[in-house]
Amino acid sequence: MKFVHAADIHLDSPLQALALQDAAQIERMRRATRDAFERMIELCIEQQVGFLVLAGDLYDHDCPNMQIAVFLRNQLARLETKGIRVVIAKGNHDADNKITSALALPANTRILSDREPETISFDDLPVRVAIHGQSFKPGPVTDNLAASYPPARPGYFNIGVLHTSLAGSADHDSYAPCRLEDLTTRGYAYWALGHIHKGAVGP
């Protein structure tokens with residue numbers, strides 16, 4: 001069984017320091033996030049993954065441009081035709097986005113609840129999967145969401161989805177802060193994290 005985890009796509013993020021003079025190159029850079037998202041969808045299809053996990057901040061800000069949301073829906077619909085499911089946790093940018101709730105997503109896509117941790121299970125895959133997570137509500141999220149996540153479900157490959165700053169980062173605002181122990185003690189096989197835009201290796 002294969003799956004793909006991605007986060008912080010920030011579709012149509014504005015390029016404020018673009019100094020290129022070539023109009024074609026400027027347009028190419030402005031489309032970069034959409035192109036990357038399309039390539040990720042193609043990867044999911046090529047690799048015949050069971051599901052895609054998106055751990056927050058699909059959008060960049062509260063943008064009224066409905067074309068961005070339509071683009072997202074159309075790309076997720078490509079996965080639906082291949083029987084690939086999608087689980088989304090809203091991040092701080094998505095929660096404040098007014099167009100998110102105005103657009104019906106394909107039937108293969110589930111958005112995790114923002115009221116409490118939710119578990120979505122897939123029992124028809126080669127390995128049974130339980131995905132645990134919670135979306136952000138609008139406004140700053142300063143609570144430790146991970147502390148309320150349920151323990152691992154026996155007999156399942158357990159995945160936690162969380163948009164979080166963990167113990168903090170000098171480069172990012174503090175959202176849903178938690179300790180590493182909050183993650184490691186849940187008994188999950190994998191954590192699909194978002195928010196911090198750089199890789200790190202834990203102890």
Side-chain angles (χ1 to χ4, degrees), residues 1-13 31-60 63 65-137 145 149-150 153 156-164 176 188-195 197:
M1 180 198 69
K2 298 178 181 179
F3 69 93
V4 168
H5 157 219
D8 300 280
I9 305 296
H10 293 276
L11 288 168
D12 283 13
S13 176
R31 281 195 51 86
T33 54
R34 293 196 196 195
D35 291 344
F37 194 82
E38 287 181 352
R39 291 193 185 106
M40 181 186 65
I41 297 298
E42 290 163 5
L43 173 68
C44 290
I45 294 171
E46 290 169 2
Q47 294 296 316
Q48 299 179 337
V49 303
F51 54 93
L52 167 65
V53 177
L54 297 171
D57 285 359
L58 282 168
Y59 301 110
D60 189 67
C63 178
N65 185 357
M66 194 60 145
Q67 292 180 354
I68 302 172
V70 172
F71 166 81
L72 173 65
R73 180 183 63 188
N74 291 342
Q75 292 303 311
L76 299 180
R78 293 174 60 194
L79 298 182
E80 184 179 30
T81 64
K82 301 298 182 180
I84 299 172
R85 279 146 306 189
V86 182
V87 176
I88 297 173
K90 291 183 181 180
N92 50 295
H93 288 274
D94 306 315
D96 289 327
N97 198 294
K98 294 182 176 64
I99 62 177
T100 305
S101 58
L103 186 77
L105 294 175
N108 67 324
T109 302
R110 294 278 302 275
I111 297 180
L112 291 160
S113 170
D114 63 6
R115 296 183 300 274
E116 59 185 2
E118 179 181 8
T119 299
I120 297 171
S121 59
F122 299 141
D123 294 332
D124 57 343
L125 295 173
V127 177
R128 292 193 299 172
V129 175
I131 301 176
H132 316 277
Q134 182 174 352
S135 289
F136 276 21
K137 294 179 180 179
L145 301 182
Y149 277 36
R153 182 174 291 183
Y156 284 76
F157 185 88
N158 289 268
I159 297 174
V161 186
L162 182 62
H163 199 76
T164 179
Y188 297 171
Y190 185 90
W191 276 96
L193 302 179
H195 186 54
H197 297 185

Hey, what do you get for [atom1] ([X]) to [atom2] ([Y]), rounding to the nearest 0.5 Å?
| X | Y | atom1 | atom2 | answer |
| --- | --- | --- | --- | --- |
| Arg39 | Cys44 | CZ | SG | 14.5 Å |
| Thr119 | Leu112 | OG1 | CG | 9.0 Å |
| Asp114 | Gln134 | CG | CD | 7.0 Å |
| Arg73 | Glu80 | CZ | CD | 11.5 Å |
| Glu118 | His132 | CD | NE2 | 11.5 Å |

Please name the pair of heavy atoms, one in [X] and one in [Y], separated by the smallest distance, quoted to 0.1 Å.
| X | Y | value |
| --- | --- | --- |
| Ser135 | Lys90 | OG-N, 2.9 Å |
| Ile159 | Tyr188 | C-CD1, 4.1 Å |
| Ala192 | Ala55 | O-CB, 3.5 Å |
| Ala7 | Gly194 | CB-CA, 3.6 Å |

Are [X] and [Y] side-chain neighbours, meaning at least one heavy-atom pair lies under 4.5 Å?
| X | Y | result |
| --- | --- | --- |
| Leu72 | Ile9 | no |
| Leu125 | Phe157 | no |
| Leu76 | Phe37 | yes |
| Glu38 | Gln75 | yes |
| Ile131 | Phe51 | yes |
| Ile45 | Arg78 | yes |
| Leu52 | Met40 | yes |
| Gln47 | Val4 | no |

Practice task
Please check if the side chain of Ser113 supplies one atom and the backbone of Arg115 the other of a donor-acceptor pair under 3.5 Å.
Solution key: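 Answer holds: yes.
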
Practice task
Test Asn108 against Ile84 for side-chain contact (heavy atoms from CB on, under 4.5 Å), laying out the working first.
Solution key: CA-CA 7 Å; Asn108 67 324; Ile84 299 172; 5.5 Å; no

Problem - Glu42 atom CD, neighbour heavy-atom count above 12 within 6.0 Å - result: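 For Glu42, atom CD is crowded (more than 12 foreign heavy atoms under 6.0 Å).
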
Problem - Candidate pair Val53 and Tyr190, rule side-chain contact (heavy atoms from CB on, under 4.5 Å), full reasoning - result: CA-CA 11 Å; Val53 177; Tyr190 185 90; over 6 Å; no

Problem - Audit row: Val129, Phe3, side-chain contact (heavy atoms from CB on, under 4.5 Å) steps and yes/no - result: CA-CA 11 Å; Val129 175; Phe3 69 93; over 6 Å; no

Practice task
List the steps, then state whether side-chain contact (heavy atoms from CB on, under 4.5 Å) holds for Asn158 with Tyr149.
Solution key: CA-CA 12 Å; Asn158 289 268; Tyr149 277 36; over 6 Å; no

